[in-house]
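See below for the structure under consideration.
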Amino acid sequence: MAKATLLHVEAEDECWPRWDQYFEAMGLSGSGQGNRTFSNYVQATQAAIAGMGVMLGWVSNSSDLLRQGQLAVFRNQPLFPDGAFHLVRPKHKDEKAEATTLARHLHRCVADVSSGK
C-alpha cells in the first residue's frame, strides 16, 4: 500500500471513510505515493477505472463495476465505519411482514460481521 497512489474524495460527511481511517482500522501504516483528491465519488471512480490509483469504494456503488471487471478488489479487508448505515421505513405506514423479515436478516448480518463470522 505504501507504493500505491491513493484516490481521495473530499466529503463533508463524517461517515465518509478516509484512507487514514482505513489504515488505522486495519493496523496498517502508510500514506501512499502521488495521492490524488477529487471533489466527488464519480470522479474518483472514473480515475480508478482508468488505472490512476486505488480508492475506497462503497460496495453498493462499486459492485456492478467489480462484476463487470472494470474495477478489482485491491485488498480484501473491508472497512465498516461506525454509524454509517441506517435502516429506515416510512413514518406513517404500517410495518409489513416482509420488511420485518428483511430487517431481522440485516441485523443478523451486521452482528455476524461485527463478531468476525
Between Met55 and Ala48, what is the shortest heavy-atom contact and its length? SD-CB, 3.7 Å
Looking only at heavy atoms, what is the nearest atom pair of Asn35 and Ala4, with distance? OD1-O, 4.3 Å
List in chain and number order the residues that pass side-chain contact (heavy atoms from CB on, under 4.5 Å) with [X], two or more places apart in sequence or in another chain; answer none if no residue qualifies.
X	result
Asp94	none
Glu98	Lys96
Asn61	Tyr41, Trp58

side-chain hydrogen bond (donor to acceptor under 3.5 Å, both in side chains) against [X], all qualifying residues, sequence neighbours excluded:
X	answer
Ser39	Gln43
Thr37	none
Thr45	none
Arg104	none

Listed partners of Phe38 passing ring-ring contact (aromatic ring centres under 6.0 Å, His included), at least two apart: none
Provide the full list of salt bridge (Lys or Arg N to Asp or Glu O under 4.0 Å) pairs with a residue in residues 37-54, sequence neighbours left out, each pair given once. none
Any pair with a residue in residues 57-69 that passes salt bridge (Lys or Arg N to Asp or Glu O under 4.0 Å), sequence neighbours left out, goes on the list, sorted by first then second residue, please.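 Only Asp64-Arg67 qualify under salt bridge (Lys or Arg N to Asp or Glu O under 4.0 Å).
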Quick one, Leu28 with Tyr22, criterion side chain to side chain contact (heavy atoms under 4.5 Å, CB included). Give me CA distance, side-chain angles, the key distance, then yes/no. CA-CA 8 Å; Leu28 301 170; Tyr22 178 81; 4.2 Å; yes
Using a 4.5 Å cut-off between side-chain heavy atoms of Ile, Leu, Val, Met, Phe, Trp and Tyr, which other residues end up in the same hydrophobic cluster as Leu66?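 Members alongside Leu66: Ile49, Leu65, Leu71, Val73.
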Answer yes or no: does atom CD of Glu24 have more than 12 heavy-atom neighbours from other residues, nucleotides or ligands under 6.0 Å? no
Step-by-step side chain to side chain contact (heavy atoms under 4.5 Å, CB included) determination, Val54 to Trp19: CA-CA 10 Å; Val54 180; Trp19 278 107; 3.7 Å; yes
Given side chains that start at C-beta, do those of Met52 and Thr5 come closer than 4.5 Å, heavy atoms only?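 Sidechains of Thr5 and Met52: no contact.
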Report the C-alpha separation of Leu56 and Phe74 in whole Å, then their side-chain angles, then the decisive distance to 0.1 Å, and conclude whether the side chain to side chain contact (heavy atoms under 4.5 Å, CB included) test is met. CA-CA 10 Å; Leu56 289 172; Phe74 182 75; over 6 Å; no
Is it true that a side-chain atom of His107 and a backbone atom of Ala103 form a donor plus acceptor pair closer than 3.5 Å?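 Judged by distance alone, yes, a pair lies under 3.5 Å.
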